[in-house]
Amino acid sequence: MVPELAGRSHLELVDRLAVKALNEAGVNLSDIELFAGTVGPGLVGSLLVGANYARGLAIALDKPFRAVHHVEAHLWSAELEAGKLPLPFLVLLVSGGHTLLLRVDGLRRYTVLGRTLDDALGEAYDKVGKLAGLAFPAGGEVDRLASSGNPRAYDFPRAMDDGSLNFSFSGLKTAYLYRIKALPLDVVQNDASDLLASFQATALDSVVNKVRRAIRSEEPKAIVAAGGVAANSRLRFMLTDLANEFHIASHFPSRKLCMDNAGMIGYLAWKLEQSGITDPADWPVRPRWPIESLIQPAGSFS
Ligand code: KG4
Ligand code: ZN
(Lines give C-alpha, C1' and ligand atoms only; values in the text may rest on other atoms or scores of the structure.)
(Ligands and ions follow the chains in the order given, each with its own letter.)
Protein backbone atom coordinates (compact mmCIF):
# COMPACT_ATOMS: atom_id res chain seq x y z
CA MET A 1 0.00 0.00 0.00
CA VAL A 2 1.33 3.45 -0.89
CA PRO A 3 0.24 5.87 1.88
CA GLU A 4 0.09 8.96 -0.41
CA LEU A 5 -2.06 7.13 -2.97
CA ALA A 6 -4.34 5.74 -0.25
CA GLY A 7 -4.87 9.27 1.13
CA ARG A 8 -5.60 10.69 -2.32
CA SER A 9 -7.99 7.88 -3.08
CA HIS A 10 -9.84 8.58 0.20
CA LEU A 11 -10.19 12.21 -0.86
CA GLU A 12 -11.63 11.22 -4.23
CA LEU A 13 -14.13 8.77 -2.74
CA VAL A 14 -15.22 10.23 0.58
CA ASP A 15 -17.98 12.49 -0.75
CA ARG A 16 -19.56 9.84 -2.97
CA LEU A 17 -19.26 7.29 -0.18
CA ALA A 18 -21.03 9.55 2.32
CA VAL A 19 -23.89 10.22 -0.13
CA LYS A 20 -24.22 6.49 -0.85
CA ALA A 21 -24.25 5.62 2.88
CA LEU A 22 -26.96 8.22 3.60
CA ASN A 23 -29.05 6.98 0.67
CA GLU A 24 -28.74 3.34 1.67
CA ALA A 25 -29.67 4.17 5.26
CA GLY A 26 -32.54 6.41 4.11
CA VAL A 27 -31.26 9.22 6.33
CA ASN A 28 -30.88 12.95 5.67
CA LEU A 29 -27.71 14.71 6.69
CA SER A 30 -29.81 17.06 8.83
CA ASP A 31 -31.13 14.07 10.84
CA ILE A 32 -27.67 13.23 12.17
CA GLU A 33 -27.13 14.25 15.78
CA LEU A 34 -23.54 13.17 16.34
CA PHE A 35 -20.63 12.94 13.91
CA ALA A 36 -17.61 10.71 14.51
CA GLY A 37 -14.40 9.80 12.78
CA THR A 38 -11.40 7.71 13.68
CA VAL A 39 -8.20 9.65 14.29
CA GLY A 40 -5.87 6.68 14.70
CA PRO A 41 -3.93 4.58 14.86
CA GLY A 42 -3.45 4.24 11.10
CA LEU A 43 -2.19 5.98 7.96
CA VAL A 44 -2.16 9.70 8.64
CA GLY A 45 -3.14 10.77 5.10
CA SER A 46 -6.26 8.60 5.11
CA LEU A 47 -7.17 9.47 8.71
CA LEU A 48 -6.96 13.19 7.94
CA VAL A 49 -9.42 12.88 5.06
CA GLY A 50 -12.04 10.88 6.94
CA ALA A 51 -11.83 12.68 10.28
CA ASN A 52 -11.78 16.16 8.75
CA TYR A 53 -14.67 15.35 6.44
CA ALA A 54 -16.82 14.30 9.41
CA ARG A 55 -15.55 17.21 11.53
CA GLY A 56 -16.38 19.63 8.71
CA LEU A 57 -19.94 18.34 8.45
CA ALA A 58 -20.36 18.62 12.23
CA ILE A 59 -19.18 22.25 12.20
CA ALA A 60 -21.38 23.14 9.22
CA LEU A 61 -24.46 21.57 10.81
CA ASP A 62 -23.64 22.79 14.33
CA LYS A 63 -23.55 19.26 15.76
CA PRO A 64 -20.96 17.59 18.01
CA PHE A 65 -17.99 15.68 16.62
CA ARG A 66 -16.27 12.81 18.40
CA ALA A 67 -12.77 11.57 17.62
CA VAL A 68 -12.52 7.78 18.02
CA HIS A 69 -9.63 5.39 18.62
CA HIS A 70 -9.94 2.76 15.88
CA VAL A 71 -8.69 -0.14 18.01
CA GLU A 72 -11.06 0.76 20.84
CA ALA A 73 -13.89 0.65 18.29
CA HIS A 74 -12.91 -2.92 17.33
CA LEU A 75 -13.13 -3.94 21.02
CA TRP A 76 -16.82 -3.07 21.18
CA SER A 77 -17.74 -3.97 17.59
CA ALA A 78 -19.47 -7.26 18.57
CA GLU A 79 -22.07 -5.24 20.53
CA LEU A 80 -23.38 -3.78 17.25
CA GLU A 81 -25.11 -7.09 16.57
CA ALA A 82 -25.02 -8.99 19.89
CA GLY A 83 -26.24 -6.16 22.14
CA LYS A 84 -24.60 -5.42 25.49
CA LEU A 85 -21.86 -7.93 26.28
CA PRO A 86 -21.44 -9.41 29.78
CA LEU A 87 -18.43 -8.05 31.70
CA PRO A 88 -15.66 -8.91 31.95
CA PHE A 89 -15.02 -10.25 28.44
CA LEU A 90 -11.84 -11.08 26.57
CA VAL A 91 -11.18 -9.69 23.11
CA LEU A 92 -8.83 -11.25 20.61
CA LEU A 93 -8.13 -8.42 18.18
CA VAL A 94 -6.47 -9.78 15.06
CA SER A 95 -6.02 -7.64 11.96
CA GLY A 96 -3.41 -6.66 9.41
CA GLY A 97 -1.87 -4.20 11.85
CA HIS A 98 -2.73 -5.53 15.33
CA THR A 99 -2.64 -8.73 17.34
CA LEU A 100 -3.81 -8.06 20.87
CA LEU A 101 -5.47 -10.03 23.63
CA LEU A 102 -7.32 -7.80 26.08
CA ARG A 103 -9.53 -8.05 29.10
CA VAL A 104 -12.43 -5.59 29.06
CA ASP A 105 -14.04 -4.61 32.39
CA GLY A 106 -15.97 -1.67 30.98
CA LEU A 107 -15.50 1.44 28.88
CA ARG A 108 -11.91 2.65 29.21
CA ARG A 109 -11.18 -0.22 31.58
CA TYR A 110 -8.93 -2.43 29.52
CA THR A 111 -6.01 -4.69 30.41
CA VAL A 112 -3.63 -5.71 27.64
CA LEU A 113 -2.83 -9.35 28.39
CA GLY A 114 -0.73 -10.07 25.31
CA ARG A 115 0.36 -8.67 21.96
CA THR A 116 2.47 -9.73 19.02
CA LEU A 117 6.20 -9.33 19.43
CA ASP A 118 6.73 -9.13 15.65
CA ASP A 119 4.23 -9.52 12.77
CA ALA A 120 0.48 -9.11 13.13
CA LEU A 121 -1.50 -12.28 12.39
CA GLY A 122 -3.17 -10.73 9.33
CA GLU A 123 0.24 -9.68 8.05
CA ALA A 124 1.40 -13.32 8.28
CA TYR A 125 -1.69 -14.43 6.32
CA ASP A 126 -0.99 -11.77 3.70
CA LYS A 127 2.66 -12.82 3.37
CA VAL A 128 2.01 -16.55 2.93
CA GLY A 129 -0.84 -15.67 0.58
CA LYS A 130 1.53 -13.58 -1.51
CA LEU A 131 3.91 -16.57 -1.73
CA ALA A 132 0.98 -18.57 -3.10
CA GLY A 133 0.40 -15.85 -5.72
CA LEU A 134 -2.73 -14.44 -4.07
CA ALA A 135 -3.74 -10.77 -4.26
CA PHE A 136 -3.49 -8.46 -1.22
CA PRO A 137 -5.14 -8.70 1.25
CA ALA A 138 -4.91 -12.47 0.97
CA GLY A 139 -6.47 -13.62 4.27
CA GLY A 140 -9.95 -14.36 2.88
CA GLU A 141 -8.56 -16.41 0.00
CA VAL A 142 -6.09 -18.27 2.26
CA ASP A 143 -9.07 -19.12 4.49
CA ARG A 144 -11.01 -20.48 1.49
CA LEU A 145 -8.13 -22.53 0.06
CA ALA A 146 -7.04 -23.84 3.46
CA SER A 147 -10.53 -25.13 4.21
CA SER A 148 -10.09 -27.80 1.52
CA GLY A 149 -6.51 -28.67 2.57
CA ASN A 150 -5.05 -31.10 5.09
CA PRO A 151 -3.82 -29.16 8.16
CA ARG A 152 -1.45 -31.99 9.08
CA ALA A 153 0.17 -32.38 5.65
CA TYR A 154 3.16 -30.21 6.58
CA ASP A 155 4.81 -29.77 9.92
CA PHE A 156 5.84 -26.21 10.83
CA PRO A 157 7.63 -25.20 14.01
CA ARG A 158 5.45 -23.69 16.70
CA ALA A 159 6.45 -20.38 18.25
CA MET A 160 8.55 -20.93 21.36
CA ASP A 161 6.27 -20.77 24.38
CA ASP A 162 7.79 -18.29 26.81
CA GLY A 163 4.91 -18.70 29.26
CA SER A 164 3.56 -15.23 28.44
CA LEU A 165 0.41 -14.37 26.51
CA ASN A 166 2.40 -12.61 23.78
CA PHE A 167 2.34 -13.84 20.19
CA SER A 168 5.01 -14.30 17.53
CA PHE A 169 4.53 -15.19 13.87
CA SER A 170 7.78 -14.24 12.17
CA GLY A 171 9.47 -17.63 12.87
CA LEU A 172 6.54 -19.47 11.28
CA LYS A 173 6.57 -17.11 8.31
CA THR A 174 10.30 -17.72 7.74
CA ALA A 175 9.91 -21.49 8.15
CA TYR A 176 7.11 -21.39 5.59
CA LEU A 177 9.24 -19.43 3.15
CA TYR A 178 12.17 -21.89 3.43
CA ARG A 179 9.86 -24.88 3.10
CA ILE A 180 8.36 -23.48 -0.12
CA LYS A 181 11.78 -22.66 -1.54
CA ALA A 182 12.92 -26.26 -0.94
CA LEU A 183 9.91 -27.77 -2.74
CA PRO A 184 9.67 -28.27 -6.53
CA LEU A 185 7.40 -25.64 -8.13
CA ASP A 186 4.76 -28.16 -9.23
CA VAL A 187 4.47 -29.49 -5.66
CA VAL A 188 4.06 -25.95 -4.31
CA GLN A 189 1.29 -25.32 -6.84
CA ASN A 190 -0.51 -28.65 -6.41
CA ASP A 191 -0.20 -28.63 -2.63
CA ALA A 192 -1.21 -24.99 -2.13
CA SER A 193 -4.28 -25.91 -0.06
CA ASP A 194 -2.33 -28.33 2.16
CA LEU A 195 0.50 -25.85 2.67
CA LEU A 196 -1.88 -23.03 3.58
CA ALA A 197 -3.98 -25.30 5.80
CA SER A 198 -0.82 -26.42 7.64
CA PHE A 199 0.35 -22.81 8.08
CA GLN A 200 -3.06 -21.83 9.37
CA ALA A 201 -3.31 -24.75 11.80
CA THR A 202 0.10 -23.91 13.31
CA ALA A 203 -0.63 -20.19 13.61
CA LEU A 204 -4.14 -20.60 15.03
CA ASP A 205 -3.22 -23.41 17.46
CA SER A 206 -0.72 -21.13 19.14
CA VAL A 207 -3.21 -18.23 19.24
CA VAL A 208 -6.04 -20.34 20.65
CA ASN A 209 -3.73 -21.90 23.27
CA LYS A 210 -2.94 -18.43 24.59
CA VAL A 211 -6.63 -17.56 24.65
CA ARG A 212 -7.30 -20.78 26.59
CA ARG A 213 -4.68 -19.80 29.15
CA ALA A 214 -6.16 -16.31 29.44
CA ILE A 215 -9.66 -17.73 30.01
CA ARG A 216 -8.27 -19.89 32.83
CA SER A 217 -6.61 -16.97 34.60
CA GLU A 218 -9.15 -14.20 33.90
CA GLU A 219 -12.41 -16.20 34.11
CA PRO A 220 -14.27 -13.93 31.64
CA LYS A 221 -17.99 -14.22 30.90
CA ALA A 222 -17.43 -14.15 27.14
CA ILE A 223 -14.79 -14.33 24.45
CA VAL A 224 -14.98 -11.93 21.52
CA ALA A 225 -12.92 -11.86 18.34
CA ALA A 226 -12.56 -8.71 16.24
CA GLY A 227 -10.48 -7.32 13.37
CA GLY A 228 -10.15 -8.66 9.82
CA VAL A 229 -8.74 -12.09 10.79
CA ALA A 230 -11.74 -12.64 13.08
CA ALA A 231 -13.59 -13.30 9.79
CA ASN A 232 -11.55 -16.52 9.51
CA SER A 233 -13.75 -19.61 9.53
CA ARG A 234 -11.30 -21.90 11.34
CA LEU A 235 -10.55 -19.31 14.03
CA ARG A 236 -14.28 -18.75 14.63
CA PHE A 237 -14.81 -22.50 14.85
CA MET A 238 -11.91 -23.00 17.29
CA LEU A 239 -12.95 -20.12 19.55
CA THR A 240 -16.56 -21.31 19.61
CA ASP A 241 -15.31 -24.74 20.71
CA LEU A 242 -13.09 -23.18 23.35
CA ALA A 243 -15.94 -21.07 24.73
CA ASN A 244 -18.16 -24.17 24.91
CA GLU A 245 -15.42 -26.00 26.78
CA PHE A 246 -15.48 -23.27 29.46
CA HIS A 247 -19.27 -22.76 29.28
CA ILE A 248 -18.92 -19.10 28.39
CA ALA A 249 -20.39 -17.09 25.51
CA SER A 250 -18.54 -16.37 22.28
CA HIS A 251 -19.30 -13.43 19.99
CA PHE A 252 -17.97 -12.62 16.55
CA PRO A 253 -19.06 -9.61 14.54
CA SER A 254 -20.43 -10.58 11.13
CA ARG A 255 -17.60 -10.73 8.59
CA LYS A 256 -18.09 -7.23 7.19
CA LEU A 257 -18.02 -5.77 10.71
CA CYS A 258 -14.78 -7.62 11.53
CA MET A 259 -12.94 -5.53 8.94
CA ASP A 260 -12.33 -1.83 9.46
CA ASN A 261 -15.73 -0.20 9.13
CA ALA A 262 -17.56 3.02 9.93
CA GLY A 263 -20.34 1.23 11.84
CA MET A 264 -18.07 0.39 14.76
CA ILE A 265 -16.69 3.96 14.86
CA GLY A 266 -20.20 5.43 15.04
CA TYR A 267 -21.27 2.84 17.62
CA LEU A 268 -18.38 3.59 19.98
CA ALA A 269 -18.94 7.34 19.61
CA TRP A 270 -22.56 6.82 20.62
CA LYS A 271 -21.63 4.49 23.50
CA LEU A 272 -19.09 6.97 24.90
CA GLU A 273 -21.64 9.77 24.57
CA GLN A 274 -24.26 7.71 26.43
CA SER A 275 -21.75 7.04 29.22
CA GLY A 276 -20.90 10.72 29.56
CA ILE A 277 -17.26 10.14 28.67
CA THR A 278 -15.90 13.17 26.87
CA ASP A 279 -12.57 13.31 25.05
CA PRO A 280 -10.92 16.37 23.54
CA ALA A 281 -12.75 17.08 20.24
CA ASP A 282 -9.49 18.32 18.74
CA TRP A 283 -7.55 15.08 19.26
CA PRO A 284 -5.04 15.08 16.40
CA VAL A 285 -4.66 12.17 13.98
CA ARG A 286 -2.02 9.70 15.17
CA PRO A 287 -0.22 6.94 13.26
CA ARG A 288 0.69 5.24 16.55
CA TRP A 289 -1.54 5.38 19.57
CA PRO A 290 -1.28 2.65 22.21
CA ILE A 291 -4.68 1.64 23.57
CA GLU A 292 -3.16 1.79 27.06
CA SER A 293 -3.23 5.60 26.90
CA LEU A 294 -7.06 5.49 27.09
CA ILE A 295 -7.26 3.33 30.22
CA GLN A 296 -8.90 4.90 33.25
CA PRO A 297 -8.82 3.48 36.80
CA ALA A 298 -11.91 1.66 38.11
CA GLY A 299 -14.62 3.96 39.41
CA SER A 300 -13.74 6.88 37.10
CA PHE A 301 -17.14 6.80 35.40
CA SER A 302 -20.62 6.08 36.61
O1 KG4 B 1 -9.22 -5.11 10.34
P2 KG4 B 1 -8.76 -5.07 8.91
O3 KG4 B 1 -9.82 -4.88 7.85
O4 KG4 B 1 -7.69 -3.96 8.67
C5 KG4 B 1 -6.63 -3.71 9.50
O6 KG4 B 1 -5.60 -4.39 9.28
O7 KG4 B 1 -6.78 -2.84 10.40
O8 KG4 B 1 -7.97 -6.45 8.66
C9 KG4 B 1 -7.41 -6.81 7.42
C10 KG4 B 1 -6.64 -8.11 7.58
C11 KG4 B 1 -5.81 -8.48 6.36
O12 KG4 B 1 -4.51 -8.88 6.79
C13 KG4 B 1 -6.56 -9.66 5.75
O14 KG4 B 1 -5.75 -10.55 5.02
C15 KG4 B 1 -7.13 -10.31 6.99
O16 KG4 B 1 -7.53 -9.21 7.81
N17 KG4 B 1 -8.31 -11.17 6.72
C18 KG4 B 1 -8.34 -12.50 6.99
C19 KG4 B 1 -9.61 -12.97 6.56
N20 KG4 B 1 -10.32 -11.90 6.07
C21 KG4 B 1 -9.49 -10.80 6.18
N22 KG4 B 1 -7.41 -13.32 7.51
C23 KG4 B 1 -7.74 -14.63 7.64
N24 KG4 B 1 -8.92 -15.15 7.26
C25 KG4 B 1 -9.90 -14.36 6.73
N26 KG4 B 1 -11.08 -14.88 6.36
ZN1 ZN C 1 -8.70 -2.30 12.23
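First listed ligand is number 1; within each ligand, the first listed atom is number 1. Note that these values count all heavy atoms, side chains included, but never hydrogens, waters or copies made by symmetry.
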task: Let me see the working for N209 and D161 under side-chain contact (heavy atoms from CB on, under 4.5 Å), right down to the final yes or no.
output: CA-CA 10 Å; N209 277 335; D161 198 342; over 6 Å; no
- prompt: What protein N/O/S atoms are found closer than 2.8 Å to the Zn ion (ligand 2)?
  reply: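 Hits for the Zn ion (ligand 2) below 2.8 Å: H70 NE2, H74 NE2, D260 OD1.
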Sidechain N-carboxylate O distance under 4.0 Å for R8, E12: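 No salt bridge links R8 with E12.
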message: Any salt bridge linking E123 with K127? Criterion: basic side-chain nitrogen under 4.0 Å from a carboxylate oxygen.
response: yes
Please say whether more than 12 non-hydrogen atoms of neighbouring residues, nucleotides or ligands are located less than 6.0 Å from [atom1] in [X].
X    : atom1 : answer
N23  : CG    : yes
F237 : CZ    : no
E33  : CD    : no

message: Is there a side chain to side chain donor-acceptor pair (under 3.5 Å) between S30 and N28? Walk through the geometry before answering.
response: CA-CA 5 Å; S30 55; N28 289 321; 4.8 Å; no
message: Is there a path of hydrophobic side-chain contacts, each under 4.5 Å between heavy atoms, that joins Y154 and L134?
response: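 Per the 4.5 Å side-chain linkage, Y154 and L134 are co-clustered.
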- prompt: Near A231, which atoms of ligand 1 are under 4.0 Å from a heavy atom of that residue?
  reply: 26 (N)
message: At less than 4.0 angstrom from any non-hydrogen atom of G97, what atoms of ligand 1 do you find?
response: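 Once the distances to G97 are compared, the set is 6 (O).
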Heavy-atom nearest neighbour in the protein, as seen from [atom], with distance rounded to 0.1 Å:
atom                    : value
atom 22 (N) of ligand 1 : G139 CA, 3.4 Å
atom 26 (N) of ligand 1 : D143 OD2, 3.0 Å
atom 1 (O) of ligand 1  : G228 N, 3.0 Å
atom 6 (O) of ligand 1  : G96 N, 2.7 Å

field: Under 3.5 Å donor-acceptor, D191 side chain and D194 backbone
entry: no
task: Would you indicate which of D126, D260, L204 comes nearest to atom 11 (C) of ligand 1 when only heavy atoms are counted?
output: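 Of the listed residues, D126 has the closest heavy atom.
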query: When you look for heavy atoms under 4.0 Å from ligand 1, do you find them on the side chain of N232, its backbone, both, or neither?
result: both
All pairs passing side chain to side chain donor-acceptor pair (under 3.5 Å) where residues 172-186 contributes a residue, at least two apart: D119-K173
query: Is there at least one pair of N or O atoms, one from G122 and one from ligand 1, spaced under 3.5 Å apart?
result: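 Such a contact does occur with ligand 1.
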query: Are any of the N or O atoms of Y125 closer than 3.5 Å to those of ligand 1?
result: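 N/O-N/O distance under 3.5 Å: no.
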- request: If the plane angle is over 60° it's perpendicular, under 30° parallel, otherwise tilted; pick one for W283 and W289.
  value: perpendicular
